[in-house]
**Q** 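If you scroll down you'll find the structure; I have some questions about it.
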Amino acid sequence: MDEQPRLMHSHTGVGMAGHPGLPQHMQEGTGGTDGDGRKQDIGDILQQIMTITDQSLDEAQARKHALNCHRMKPALFNVLCEIKEKTVLSIRGAQEEEPPDPQLMRLDNMLLAEGVSGPEKGGGSAAAAAAAAASGGAGADNSAEHSDYRAKLSQIRQIYHTELEKYEQACNEFTTHVMNLLREQSRTRPISPKEIERMVSIIHRKFSAIQMQLKQSTCEAVMILRSRFLDARRKRRNFNKQATEILNEYFYSHLSNPYPSEEAKEELAKKCAITVAQVSNWFGNKRIRYKKNIGKFQEEANMYAARTAVNAANASSHGSQANSPSTPNSFIWGFFNIPPIPCLYEKYLQHKFQFTLA
DNA sequence: ACCGATGATTGTTG
DNA sequence: CAACAATCATCGGT
């Protein structure tokens, strides 16, 4: 029985070309001592197998056929299969169950979030909502670019899915091809089901690597699309006239201290149908630009000051002239560059606000 | 096509 | 962290 490893080793030279073969230690101990009949038989077979490569093709073919029909063949083949299975199992144990790739997970998550790999239509709703938030409320004006964006996104999506399907199909085709090949070969060389399984998993891994590349490039495409279409700076819209008027009204009526509180910003945002961040941006821009060139804004300032003055006058003529803290005065000192009342002056100092000091 | 206006972003400062 | 300052990129009128 100690001859089997050698037999197998020899066999690799014939039917298992390219197979790594067995470990060295299994080839030791070939010394049969007693002249048993079966041993003789095995020795015979061994001899035949080992010399088979020296023969011509026809001769070798004939010899192979003879060996195939040998009465010992099934038993030997079974032993080979057994040994093979053990070695395959040990190999398999080494590279067991790789953990899910974190990068692949990230890509999958992003594709899902962008509505590329998710459910068919309306999948882009998350992205669309994000886009709406990014470009700032007032949905009417940006519907056009959204449809453009969505069209491009669905284009990417379509490419992604067809490519993915192609890979899947190719993978399946290749897998079945290899499996058929292996099954066919398993008649002439020992291939366990586990080995086939392993081979399939190797193929799948290779193909999933390709899929990952596809996912990566799809993600890149989506990112580029996003930055091109959804970067608010690129596709900015001027605020509508009404919003600008509301903002200007507040600005010029609080010219001494044009720093709306968080609550005031929220209210302005609501009135103008823009975000609080946009209100902050607007005031930031306005303050700096006003300060840079007060002369240029003088006319505008006068206009809004006059308007608020008229409003205030109307209001006071109608009801009791109760609360009109800083608004009426703003015209005066906004115009003459004099800080108005003490409480505002404090704020004025606090904020080092120097608009009024030409 | 040009150019000033304008909303947004980025980097710095207190 | 909010405000400032500089800058970007587009808008809108000519």
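Here is how names work: the chains are called A, B, and so on, in the same order as the sequence lines, proteins then strands, and each is numbered from 1.
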**Q** If the condition is side chain to side chain contact (heavy atoms under 4.5 Å, CB included), which residues does A:Glu163 pass it with, not counting sequence neighbours?
**A** A:Ile159, A:Lys166, A:Tyr167, A:Leu214
**Q** What about A:Asn238, does its side chain sit under 3.5 Å from the base of B:dA5 through a donor-acceptor pair?
**A** no
**Q** Under 4.0 Å between a side-chain N or O of A:Asn281 and OP1 or OP2 of B:dG7?
**A** no
**Q** Roughly, in whole Å, what's the span from CZ in A:Phe283 to C1' in C:dA5?
**A** 19 Å
**Q** Tell me: CG of A:Asn257 to P of C:dA3, nearest whole Å?
**A**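 From A:Asn257 CG to C:dA3 P: 10 Å.
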**Q** Take the protein atom CG of A:Asn248 and the nucleotide atom C1' of B:dG7, then report the distance between them rounded to whole Å.
**A** 14 Å
**Q** Does A:Arg287 put a side-chain nitrogen or oxygen below 4.0 Å from OP1 or OP2 of C:dC4?
**A** yes
**Q** How about A:Phe297 and A:Tyr252: are their ring centroids closer than 6.0 Å?
**A**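 Not under 6.0 Å, so no.
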**Q** From the set C:dC11, C:dA6, C:dC4, return the single nucleotide nearest to any side-chain atom of A:Asn285.
**A**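 The answer is C:dA6, which lies nearest to the side chain.
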**Q** What is the distance, to the nearest angstrom, from the NZ atom on A:Lys292 to the C1' atom on B:dG4?
**A**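 So the NZ-C1' distance, A:Lys292 to B:dG4, works out to 14 Å.
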**Q** Rounded to the nearest angstrom, tell me the gap between atom CZ in A:Arg289 and atom P in C:dC4.
**A** 13 Å
**Q** Send over the distance from A:Ile288 CD1 to B:dT9 P, rounded to a whole Å.
**A** 17 Å
**Q** Can you see if the side chain of A:Lys296 gets near the phosphate of B:dA5 - specifically, an N or O under 4.0 Å from OP1 or OP2?
**A** yes
**Q** Does A:Lys270 have any side chain to side chain contact (heavy atoms under 4.5 Å, CB included) partners at least two apart in sequence or in another chain, and if so, which?
**A**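 With neighbours one apart ignored, the set is empty.
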**Q** Using a 4.0 Å heavy-atom cut-off, does A:Phe239 contact any base of the nucleic acid, only the sugar-phosphate backbone, or nothing at all?
**A**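 Contact class for A:Phe239: sugar-phosphate only.
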**Q** Would you please indicate yes or no on a ring centroid separation below 6.0 angstrom for A:Phe251 and A:Tyr290?
**A**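 They qualify: ring centres under 6.0 Å apart.
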**Q** On the nucleotide C:dG12, are OP1 or OP2 found under 4.0 Å from the side-chain N or O atoms that A:Lys241 carries?
**A**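 False: A:Lys241 side-chain N/O out of range (4.0 Å or more) of C:dG12 OP1/OP2.
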**Q** Test for a donor-acceptor pair under 3.5 Å between the base of B:dT6 and the side chain of A:Arg236, counting only N and O atoms.
**A**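 Counting by modelled atom types and ignoring angles, a donor-acceptor contact under 3.5 Å is found here.
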**Q** Think A:Lys291 has a side-chain N or O under 4.0 angstrom from the OP1 or OP2 of C:dA5?
**A**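 Answer is yes, contact under 4.0 Å.
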**Q** Same cluster or not: A:Ile246 versus A:Phe283, using hydrophobic residues (I, L, V, M, F, W, Y) connected whenever any side-chain heavy atoms lie under 4.5 Å apart?
**A** yes
**Q** Starting from the first five and the last five pairs of the helix from B:dA1-C:dT14 to B:dG14-C:dC1, work out the angle between the resulting helix axes, to 10 degrees.
**A**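 For the helix from B:dA1-C:dT14 to B:dG14-C:dC1, the axes at opposite ends meet at about 10°.
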